[in-house]
Amino acid sequence: QVQLVESGGGLVQAGGSLRLSCAASTRTFSSYTMGWFRQAPGKEREFVAEISASGGYVNYADSVKGRFTISRDNAKNAVYLQMNTLKREDTAVYYCAKRVPGLGYTFWGQGTQVTVSS
């Protein structure tokens with residue numbers, strides 16, 4: 001069973017930056033696409049970014065393009081989300097997830113809270 005543990009969330013002022021980390025406890029980490037999602041209070045969970053197994057392909061939600069950067073370190077079994085120029089609307093619980101071919105994102109971490117104040 002895969003365990004994903006997010007960290008790095010916190011309280012930041014608008015315009016600031018945070019870097020989220022997700023540590024995965026799996027030997028096959030380098031074989032899977034990984035993604036970041038978020039869920040704001042009263043809203044459905046939404047896609048933020050994803051990165052292919054090798055790191056050669058990345059994809060972002062329009063709302064974070066140009067501000068967020070996803071990366072991974074397969075040697076450390078970790079995926080990161082660098083968030084710059086944060087806005088109040090970025091406030092949410094952020095989750096990392098593993099995508100299983102044919103099944104979609106099926107493994108999720110417990111989430112880390114990001115709060116952006118004005």
Side-chain angles (χ1 to χ4, degrees):
Q1 188 73 298
V2 177
Q3 184 176 17
L4 302 173
V5 180
E6 301 93 337
S7 61
L11 174 64
V12 63
Q13 285 192 329
S17 298
L18 281 175
R19 187 190 192 215
L20 305 184
S21 299
C22 173
S25 63
T26 172
R27 296 179 186 177
T28 59
F29 176 79
S30 62
S31 299
Y32 294 97
T33 291
M34 297 294 296
W36 284 97
F37 291 74
R38 66 187 181 187
Q39 187 167 20
K43 295 187 177 181
E44 293 188 353
R45 186 154 49 190
E46 64 175 1
F47 168 79
V48 174
E50 64 183 355
I51 185 167
S52 63
S54 67
Y57 170 81
V58 295
N59 183 34
Y60 297 95
D62 288 343
S63 59
V64 307
K65 278 182 182 176
R67 300 188 298 121
F68 291 11
T69 302
I70 189 171
S71 61
R72 67 190 296 162
D73 185 338
N74 286 340
K76 296 183 178 179
N77 280 11
V79 61
Y80 308 100
L81 186 68
Q82 177 67 43
M83 307 186 295
N84 297 330
T85 319
L86 283 160
K87 304 176 181 179
R88 285 192 63 184
E89 51 263 43
D90 295 318
T91 294
V93 177
Y94 284 71
Y95 301 88
C96 72
K98 169 187 167 181
R99 193 173 83 183
V100 176
L103 297 178
Y105 285 96
T106 57
F107 294 97
W108 300 84
Q110 84 291 345
T112 186
Q113 176 71 48
V114 171
T115 303
V116 184
S117 64
S118 58

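Just so it is clear, the values below take in all heavy atoms, side chains as well, and ignore hydrogens, waters and symmetry mates.
M34 is not connected to Y57 by any chain of hydrophobic side-chain contacts under 4.5 Å among Ile, Leu, Val, Met, Phe, Trp and Tyr, and they are in different clusters. Cluster annotation: L20 is connected to Y60 through the hydrophobic network of ILVMFWY side chains, with a link wherever side-chain heavy atoms come within less than 4.5 Å.
Between R88 atom CZ and Q13 atom CD the span is 12.0 Å, to the nearest 0.5 Å. Of the inter-residue distances, the one linking I70 atom CD1 with C96 atom SG reads 9.5 Å to the nearest 0.5 angstrom. In this structure, the separation between CZ on R72 and SG on C22 is 10.0 Å, given to the nearest 0.5 Å. In this structure, the separation between CZ on F47 and CH2 on W36 is 13.0 Å, given to the nearest 0.5 Å. Atoms OH and OG1, from Y80 and T69 in turn, are 14.5 Å apart once rounded to the nearest 0.5 Å. In this structure, the separation between CG on N59 and CD1 on I51 is 11.0 Å, given to the nearest 0.5 Å.
Here the shortest heavy-atom pairing between L81 and A49 reads CD1-CB, 4.3 Å. When every heavy atom of V79 is checked against every heavy atom of F29, the shortest pair comes out as N-CZ, 4.1 Å. Closest approach of T26 and N77 over heavy atoms only: O-ND2, 2.6 Å. Heavy-atom minimum distance, S118 versus A14: CA-CB, 4.3 Å. Considering every non-hydrogen atom in both A92 and A40, the closest pair reads CB-N, 3.8 Å.
Counting heavy atoms from C-beta outward, S63 and R38 have side chains that approach closer than 4.5 Å. Residues Y95 and V48 form no side-chain contact, since every pair of their non-hydrogen atoms from C-beta on lies 4.5 Å or further apart. Contact annotation: the side chain of S7 never approaches that of T112 to less than 4.5 Å [non-hydrogen atoms, C-beta and beyond]. A 4.5 Å side-chain heavy-atom check between M83 and D90 finds every atom pair outside the cut-off. Inter-residue side-chain proximity for Y94 and E6 is flagged as unmet; no heavy-atom pair is nearer than 4.5 Å. Side-chain contact check for K98 versus T106: every heavy-atom pair is 4.5 Å or farther apart.
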Query raised in the report: What's the verdict on side chain to side chain contact (heavy atoms under 4.5 Å, CB included) for Q113 and L11, showing C-alpha distance, side-chain angles and the deciding distance?
Result: CA-CA 8 Å; Q113 176 71 48; L11 174 64; over 6 Å; no
Query raised in the report: Does the side chain to side chain contact (heavy atoms under 4.5 Å, CB included) test come out yes or no for F68 and L86, once each step is laid out?
Result: CA-CA 9 Å; F68 291 11; L86 283 160; 3.8 Å; yes
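Between W108 and F37, a ring centre-to-centre spacing shorter than 6.0 Å is recorded.
The environment of E44 atom CD is sparse: at most 12 non-hydrogen atoms of other residues, nucleotides or ligands sit within 6.0 angstrom.
Salt-bridge check for D62 with K65: passed, with a basic side-chain N closer than 4.0 Å to an acidic carboxylate O.
No donor-acceptor pair closer than 3.5 Å links the side chain of S30 to the backbone N or O of N74.
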